[in-house]
2 protein chains.
Amino acid sequence: MSTDTAVDARRTDTRERILATASGLFAERGFAGTSIRDISDALGVTKAALYYHFASKDDILRAIVDQPISAIRGVMELEPDLGSAAARRQFIADIIGAMADCTPESVAVFKDPQIQAMVGAEISASGITNVLSITLAGALSGTADPAQIEPEHLVRASAAVAAGLAVIDTWHLAFPDTAKFSEESTAYIVDTVSAILER
Amino acid sequence: MSTDTAVDARRTDTRERILATASGLFAERGFAGTSIRDISDALGVTKAALYYHFASKDDILRAIVDQPISAIRGVMELEPDLGSAAARRQFIADIIGAMADCTPESVAVFKDPQIQAMVGAEISASGITNVLSITLAGALSGTADPAQIEPEHLVRASAAVAAGLAVIDTWHLAFPDTAKFSEESTAYIVDTVSAILER
DNA sequence: GTCTATATTGCGATAGAC
DNA sequence: GTCTATCGCAATATAGAC
């Protein structure tokens with residue numbers, strides 16, 4: 001019943017609050033720059049409480065980056081056509097659209113170089129923004145082989161992805177009243193990324 | 001004599017090697033994600049040796065970010081005219097030109113959100129990339145008052161600065177044989193930043 | 001100028017009461 | 001589900017020999 005769902009919401013509330021607080025701090029200070037204590041203090045609970053909900057600090061990060069990563073992965077696994085500027089634009093729009101359920105903070109976390117560097121290992125982010133850059137650069141060069149990518153295309157794609165992240169990050173700071181990942185903002189992000197990529 | 005200069009070079013060599021190694025690691029793993037031990041191991045010396053050359057870990061960071069920060073500050077203190085697109089383009093070119101003596105690693109360090117957040121305090125970076133973004137956004141809005149900046153201009157300026165950082169970072173990765181901050185690369189950076197800013 | 005050895009603090013993580 | 005208390009360890013930083 002409605003009472004039950006309310007109770008369930010309460011029950012999982014702390015977990016969600018941990019993720020919200022942690023993602024904000026990770027985005028602001030980086031992963032290594034944020035301690036478990038920082039997170040628990042910001043929430044007004046003890047460290048031990050966090051460890052009831054998550055097995056480790058890495059586990060918290062995993063839960064945060066999981067959504068944006070699988071969103072991006074999901075679009076990439078469709079192996080879309082990237083042969084034209086219009087197709088690439090659609091691809092970018094799909095990526096942003098897939099991330100619409102993510103919070104901007106969970107995306108901003110990827111600015112931390114350390115998080116991007118957590119390759120393959122336990123957290124299989126595998127430098128998701130790098131993967132994105134290389135994919136787009138490969139499309140510009142018309143090859144799937146990273147070794148054959150034209151250097152300038154790699155530079156351009158990296159700039160486009162970095163700019164996209166910056167827009168996501170700055171948007172809700174510049175427009176505090178706007179819904180996060182609104183239609184307006186996603187269109188703007190796609191425009192920006194596409195313009196840099198196809199310049 | 002030439003022998004003396006060679007000896008002098010030897011003498012200061014370790015300090016420079018520390019900075020080179022540290023900036024590379026900071027850029028790769030972030031500041032908090034890099035320990036003194038990481039740096040000393042990479043250099044093949046002990047931690048104590050580092051503390052002979054630098055008073056603290058913060059001190060190492062300070063020495064690294066000092067050059068790019070004063071380069072940017074130096075250009076900004078000229079209070080250049082930013083009233084037209086051409087003037088802003090010249091301003092960007094001046095900034096990049098002033099950074100020509102810096103290593104790309106020392107610039108890439110600014111990707112770490114923690115380093116950017118070290119505001120005012122001891123290390124007075126005061127979010128130098130944010131300052132740059134706000135300056136450019138203010139120019140677009142035709143105001144010096146941050147409160148009067150149009151939100152869209154802030155978003156655009158942030159994207160431009162982030163893209164510029166990405167180009168600096170990716171360039172020598174994409175063109176390993178090119179001299180860092182060569183004429184060709186600086187022109188490309190200016191073009192990229194300017195195009196995004198004036199879009 | 002670099003080393004070994006150590007002081008000290010704060011971190012991630014766990015045990016067990018409530 | 002949250003608490004107090006604590007363990008083990010890695011981090012920054014220092015002292016003093018060479």
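Order of the sequence lines sets the chain letters (A, B, ...), proteins ahead of strands, with each chain counted from 1.
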- Task: Ignoring the backbone of A:Y52, work out which of C:dC3, C:dC11, D:dG1 is nearest its side chain.
- Result: D:dG1
- Report yes if at least one side-chain N or O of A:Y51 is closer than 4.0 Å to OP1 or OP2 of C:dT14; otherwise report no. no
- Query: Parallel, tilted or perpendicular: which describes the rings of B:W171 and B:Y188, with under 30° parallel and over 60° perpendicular?
  - Reply: tilted
- Please report, rounded to the nearest Å, how far the P atom of D:dA11 is from the CD1 atom of B:I60. 14 Å
- Message: D:dC3, OP1 or OP2 - any side-chain N/O from A:T46 closer than 4.0 Å?
- Response: yes
- Item | Closest to the A:S56 side chain, choosing from C:dT2, C:dA13, D:dC3 | C:dA13
- Proximity to the side chain of A:K47 - top-ranked nucleotide from C:dA13, D:dC3, C:dC11: C:dA13
- Message: In this structure, how many angstroms lie between the C1' atom of D:dA11 and the CG atom of B:L50, rounded?
- Response: 14 Å
- Task: Specify the separation, in whole Å, of atom CZ of B:R37 and atom P of D:dT14.
- Result: 18 Å
- Atom CZ of B:R29 and atom P of D:dA11 are separated, to the nearest Å, by 11 Å
- Of the nucleotides D:dT4, C:dT4, D:dG1, which one has an atom closest to the side chain of A:A48? D:dT4
- Residue pair B:E198 / B:R88: nearest heavy atoms and the distance that separates them: OE2-NE, 2.8 Å
- Message: Expressed as a whole number of angstroms, how long is the span from B:I36:CD1 to C:dT9:P?
- Response: 18 Å
- May I have the distance from B:L61 (atom CG) to D:dA13 (atom P), rounded to whole angstrom? 12 Å
- Query: Looking only at heavy atoms, which two atoms of A:S158 and B:A166 are closest? And how far apart?
  - Reply: O-CB, 3.8 Å
- Please report, rounded to the nearest Å, how far the C1' atom of C:dG1 is from the NE2 atom of B:H53. 6 Å
- Could you tell me whether A:S35 contacts a base, only the sugar-phosphate backbone, or nothing, with contacts defined as non-hydrogen atoms closer than 4.0 Å? sugar-phosphate
- Query: So is B:K57 actually on top of B:Y51's ring, under 6.0 Å and inside 45° of the axis?
  - Reply: no
- In whole angstroms, how far is the C1' atom of C:dC11 from the CG atom of A:D41? 13 Å
- Note on the structure: When every non-hydrogen atom of B:T34 is compared with those of B:L25, the smallest separation belongs to OG1-O, 3.4 Å
- Item | Closest to side chain of B:K57, choosing from C:dT2, D:dT2, D:dT12 | D:dT12
